[in-house]
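Below is a structure I'd like to ask you about.
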There are 2 protein chains.
Amino acid sequence: MNKPITIKEIARDLGVSFSTVSKSLNDSSEISEKTKKKVKEYAALRGYTPNQIALSLKNSATYTIGVIIPDIQNSFFASVLKNIEIHAKSYGYRIVTFFTNEKLKEEEESLKILSKGLVDGLIVCPSDETFKKKKFDHFNAIKNMNTPVLVFDRVDENLEFDSVSVDDYKSIISALDYLYEKGARSIVLASAIPDVSVGKKRKEAFEKFIKDNPEVEGIVLESDDNPVLQKMLLEVVETKKVDAMLGVDIESTSLANSVVAMLGKNYKEEISLIGYVNKQFNRLQYPRVSYINQYPEKIGQIAVDMIVDKIKIGNSNLLNKEVIETTLSIKDTSL
Amino acid sequence: MNKPITIKEIARDLGVSFSTVSKSLNDSSEISEKTKKKVKEYAALRGYTPNQIALSLKNSATYTIGVIIPDIQNSFFASVLKNIEIHAKSYGYRIVTFFTNEKLKEEEESLKILSKGLVDGLIVCPSDETFKKKKFDHFNAIKNMNTPVLVFDRVDENLEFDSVSVDDYKSIISALDYLYEKGARSIVLASAIPDVSVGKKRKEAFEKFIKDNPEVEGIVLESDDNPVLQKMLLEVVETKKVDAMLGVDIESTSLANSVVAMLGKNYKEEISLIGYVNKQFNRLQYPRVSYINQYPEKIGQIAVDMIVDKIKIGNSNLLNKEVIETTLSIKDTSL
DNA sequence: TTGTAGGCGTTATCAT
DNA sequence: ATGATAACGCCTACAA
């Protein structure tokens, strides 16, 4: 129940000046070994630890990275966040986290709060609604401040910041190549993020592939309303001969997965499934779902590397856009 | 790239003293409307926002709650964290989050960092390894500080703090009653958390039930090594006539679920499954898994309520131990 | 109605 | 070798 002890109190108790205490604790060569020892011992005894807030003020550095994420229940974001935290820790940074729950208003709020000098840098993935309403003013507002910002995953031309993301085009094409190779000629693209940048890009890649391969029938099913998308999927798989499905996000992939299970279809023989899910997703699944590995560990790590760099070097106007190569991880759902 | 503007600069630019600026911005009645207006307009123009770090130092309050969680990839913790954040926000608190990845050392580190005046209160769920090694000194160390601490989920006699948790005994018994009612006479208890307080308590409740109902065969399978536990489950379900399985945590439940799928067993006819999973878990599953609802939303909310209370009222020595009643949510896996 | 001084906990600079 | 002072940005008595 005791308040944390301060340098001043140590000084008072020891009958020395507080600058002597400060210097002793920082091992200054100006102070005699004897005094240093005395001070250090007493400080240890009293459990002294420097107040980080005071240090932050003094150094105008918080050693904190702000992280804004749409949805922590989404295992992709959970995995990225985990790795951001791990990596930030290794640089001596803490993270303060805000979840927007895919809402624009919460994103604006979060950005506003974090721009009050609370963090040295910001790692953000914009919300669904931000894209839907095409509102980016709150991002532009922070561009004029000296807080470096990095966007991950959902990069967009409207967001002129450093970024880390995966190669949407390549990843879709390689998945489709694989499915084509295996004989799929009727392929469903399922998306629960029709408005989000990556959702759009993945759809474009899909459409390009279909255009380039006219013998393939491409069916695009999109809705950010889960029950609606599920109904669409059920109907298509029931009434058409669908060889394969490709989910561009976790939601749509797990819906596709459920639909297959509900209809009692057989993965290896009747229908294939590939999705933008991850290892964690598969820990809870059987059979395992084939997925496009976006390497969330890498995303988290690179995001931290880049933001720490910007924090230290200072905000330059050159934009650094990192793109991660995905790989296809084939499981029992797609052979 | 401009540094954030300060009160001093506004004062200089406007040719008034900085206390006039401060008072104007805080709408003090001491200042004339005219001056206030002038100051406010200029502040708005320059995008002034008070530096939170300075405010924290001044008020010796950080408006931040520290959260220490074993594993963000665990959807139970993800859900609790989400609700902690939502609720903290509503009180005007931010959260700074540390993940221990079930490691004692990381927990010690996190606790140490957060006790340097960075947070006004702390919400913690101890790691697996903490229980395994029975090391609680780092918790005792923080008891002597004036930072209120609240433990959720994994409460333990060694942790003398406020707490929020579910009723382990009741929840296990009601699940077993249900299964018994449905005719199960051979029941497996699966646990991936044999060392953790809640794992132990749930096992004890199970054993009590078996003792009270000698006609029921109870089989306890425990291991914190997933492949090992899976092997045990596979073997038992293959070789014995098991009517039902009860998972005391997400890992064990999803392993049990996988085993059923692997063996091609039928849920409604051959085997039942109930686990400590949650709604989110089922969003990715088909068929849905019956679960003991621990109400992570409530846990998050009550945790914040209690810690904010302690922060405001001050740390009393009366311990407040909140216990949440679970409910059984029956799905297609257990009819 | 406005301005001055002190303090939150530190460190760094400049005396003594 | 030690101590006093200023500064980080802010707020709030208290003076003027």
Side-chain angles (χ1 to χ4, degrees), chain A residues 2-40 42-43 46-64 113 115-120 145-147, chain B residues 2-40 42-43 46-64 113 115-120 145-147:
Chain A
N2 338 306
K3 272 197 144 191
I5 190 163
T6 69
I7 280 191
K8 278 190 188 169
E9 292 169 293
I10 294 180
R12 176 172 40 68
D13 294 354
L14 255 41
V16 295
S17 83
F18 66 86
S19 65
T20 302
V21 174
S22 173
K23 284 174 187 165
S24 299
L25 293 173
N26 291 316
D27 245 329
S28 163
S29 57
E30 295 177 11
I31 306 292
S32 73
E33 285 306 324
K34 202 178 134 202
T35 315
K36 275 200 238 177
K37 183 155 175 277
K38 184 178 70 173
V39 171
K40 281 182 184 173
Y42 186 72
R46 297 295 305 273
Y48 169 80
T49 121
N51 181 308
Q52 294 298 311
I53 299 294
L55 281 180
S56 288
L57 183 62
K58 176 80 185 137
N59 303 332
S60 37
T62 61
Y63 311 106
T64 303
I113 293 172
S115 61
K116 291 171 189 275
L118 278 170
V119 297
D120 297 344
M145 322 234 17
N146 71 336
T147 306
Chain B
N2 338 306
K3 273 197 145 193
I5 190 164
T6 70
I7 279 191
K8 274 189 191 166
E9 292 169 295
I10 295 181
R12 177 172 41 65
D13 294 354
L14 256 40
V16 295
S17 85
F18 60 83
S19 69
T20 303
V21 174
S22 174
K23 286 174 186 165
S24 300
L25 293 173
N26 291 317
D27 244 330
S28 162
S29 57
E30 296 176 12
I31 307 293
S32 72
E33 285 305 323
K34 203 177 133 201
T35 315
K36 275 199 233 177
K37 185 156 173 276
K38 185 177 71 173
V39 171
K40 281 183 185 173
Y42 186 72
R46 298 294 306 274
Y48 169 81
T49 119
N51 181 308
Q52 294 297 311
I53 299 294
L55 280 180
S56 288
L57 183 61
K58 173 80 187 141
N59 303 331
S60 36
T62 61
Y63 311 106
T64 303
I113 293 173
S115 62
K116 290 171 189 281
L118 278 171
V119 298
D120 298 343
M145 323 236 16
N146 71 337
T147 306

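In what follows, chains are A, B, ... by sequence order, proteins preceding strands, each numbered from 1. The figures that follow rest on heavy atoms only: side chains count, while hydrogens, waters and symmetry mates do not.
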**OP:** Give the C-alpha distance, both sets of side-chain angles, the deciding distance and a yes or no for side chain to side chain contact (heavy atoms under 4.5 Å, CB included) between A:Lys36 and A:Leu25.
**Re:** CA-CA 7 Å; A:Lys36 275 200 238 177; A:Leu25 293 173; over 6 Å; no
Original post:
What is the nucleic acid contact for A:Ser29, judged by heavy atoms within less than 4.0 Å: base, sugar-phosphate only, or nothing?
Top reply: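 Counting heavy atoms under 4.0 Å across all strands, the contact made by A:Ser29 is with sugar-phosphate only.
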Listing time: all N or O pairs from protein to nucleotides 5-7 of chain C that are below 3.5 Å?
from: C:dG7; atom 1: N2; to: B:Lys58; atom 2: NZ; distance (Å): 3.1

Subject >> Sugar-phosphate only, base, or nothing, as touched by B:Ser60 at under 4.0 Å among non-hydrogen atoms >> reply: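 The answer is nothing, as B:Ser60 stays clear of every strand by at least 4.0 Å.
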Subject >> Intermediate values then yes/no, side chain to side chain donor-acceptor pair (under 3.5 Å), A:Thr35 and A:Ser32 >> reply: CA-CA 5 Å; A:Thr35 315; A:Ser32 73; 2.7 Å; yes
Original post:
Is there a donor-acceptor contact under 3.5 Å from the side chain of B:Asp120 to the main chain of B:Thr62?
Top reply: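 Yes; judged by distance alone, with no hydrogens or angles, the pair exists.
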Original post:
Does A:Ser22 have a side-chain nitrogen or oxygen under 4.0 Å from the phosphate oxygens OP1 or OP2 of C:dT10?
Top reply: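 Checking C:dT10 against A:Ser22, no side-chain N or O comes under 4.0 Å of OP1 or OP2.
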Original post:
Does any N or O in the side chain of A:Ser24 come within less than 3.5 Å of the main-chain N or O of A:Thr20, such that one atom is a donor and the other an acceptor?
Top reply: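 Answer holds: yes.
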Original post:
Roughly, in whole Å, what's the span from CG in A:Asn59 to C1' in C:dC8?
Top reply: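 A:Asn59 atom CG is separated from C:dC8 atom C1' by 16 Å.
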**OP:** Would you mind reading off the distance between A:Ile5 atom CD1 and C:dC8 atom C1', rounded to a whole angstrom?
**Re:**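 Taking CD1 of A:Ile5 and C1' of C:dC8, I get 16 Å after rounding.
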Subject >> Shortest side-chain distance from A:Thr20, nucleotide among C:dG3, D:dT2, C:dT10 >> reply: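 Ranking C:dG3, D:dT2, C:dT10 by closest atom to the A:Thr20 side chain puts D:dT2 first.
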**OP:** Could you check whether B:Thr35 gets within reach of a base, just the sugar-phosphate, or nothing at all, counting any heavy atom under 4.0 Å?
**Re:**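 The answer is sugar-phosphate, as B:Thr35 gets under 4.0 Å only of primed atoms, P, OP1 or OP2.
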Original post:
Rounded to whole angstroms, how far apart are CG on B:Leu55 and C1' on D:dC10?
Top reply: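 To the nearest whole Å, that distance equals 6 Å.
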Subject >> Nearest-angstrom distance from the residue atom CG of B:Leu25 to P of D:dC11 >> reply: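 Distance check: B:Leu25 CG to D:dC11 P gives 8 Å.
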Original post:
CD1 of A:Ile7 versus C1' of D:dG3: gap in Å, rounded?
Top reply: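 It is 14 Å, rounded to the nearest whole Å.
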**OP:** Send over the distance from B:Ile31 CD1 to C:dG3 P, rounded to a whole Å.
**Re:**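 Atom-to-atom, B:Ile31 to C:dG3, this comes out as 8 Å.
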Subject >> A:Asn26 side chain near C:dT11 phosphate (N/O to OP1/OP2, under 4.0 Å) >> reply: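 True: A:Asn26 side-chain N/O within range (under 4.0 Å) of C:dT11 OP1/OP2.
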Original post:
Considering only side-chain heavy atoms of A:Glu30, which listed nucleotide, C:dT11, D:dG3, C:dG3, is closest?
Top reply: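 Taking heavy atoms from C-beta onward, the closest nucleotide is D:dG3.
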**OP:** Could you check whether B:Leu57 gets within reach of a base, just the sugar-phosphate, or nothing at all, counting any heavy atom under 4.0 Å?
**Re:**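 The answer is base, as B:Leu57 lies within the cut-off (heavy atoms under 4.0 Å) of a base atom.
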Original post:
In whole angstroms, how far is the C1' atom of D:dC10 from the CD1 atom of B:Ile10?
Top reply: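 Whole-Å distance recorded here is 12 Å.
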Original post:
Over its full length, what angle do the end axes of the helix from C:dT1-D:dA16 to C:dT16-D:dA1 make, each axis taken from five pairs and the result rounded to 10 degrees?
Top reply: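 For the helix from C:dT1-D:dA16 to C:dT16-D:dA1, the axes at either end differ by 70°.
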**OP:** For D:dA1, take OP1 and OP2 only and decide whether either is under 4.0 Å from a side-chain N or O of A:Ser32.
**Re:**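 It does not, given that no N or O in the side chain of A:Ser32 lies less than 4.0 Å from OP1 or OP2 of D:dA1.
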Original post:
Side chain of B:Asn51, backbone of B:Ile53: donor and acceptor closer than 3.5 Å?
Top reply: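 Between the backbone of B:Ile53 and the side chain of B:Asn51 there is a qualifying donor-acceptor contact (under 3.5 Å).
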**OP:** Would you please confirm or rule out a distance under 4.0 Å between OP1 or OP2 of C:dG3 and any side-chain N or O of B:Ser17?
**Re:**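 So the side-chain polar atoms of B:Ser17 do come within 4.0 Å of the phosphate oxygens OP1 or OP2 of C:dG3, strictly under.
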Original post:
Where each residue is assigned the nucleotide of DNA chain D containing its nearest heavy atom, which of B:Asn51 and B:Lys23 is assigned the position nearer the 5′ end?
Top reply: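 Result of the comparison: B:Asn51.
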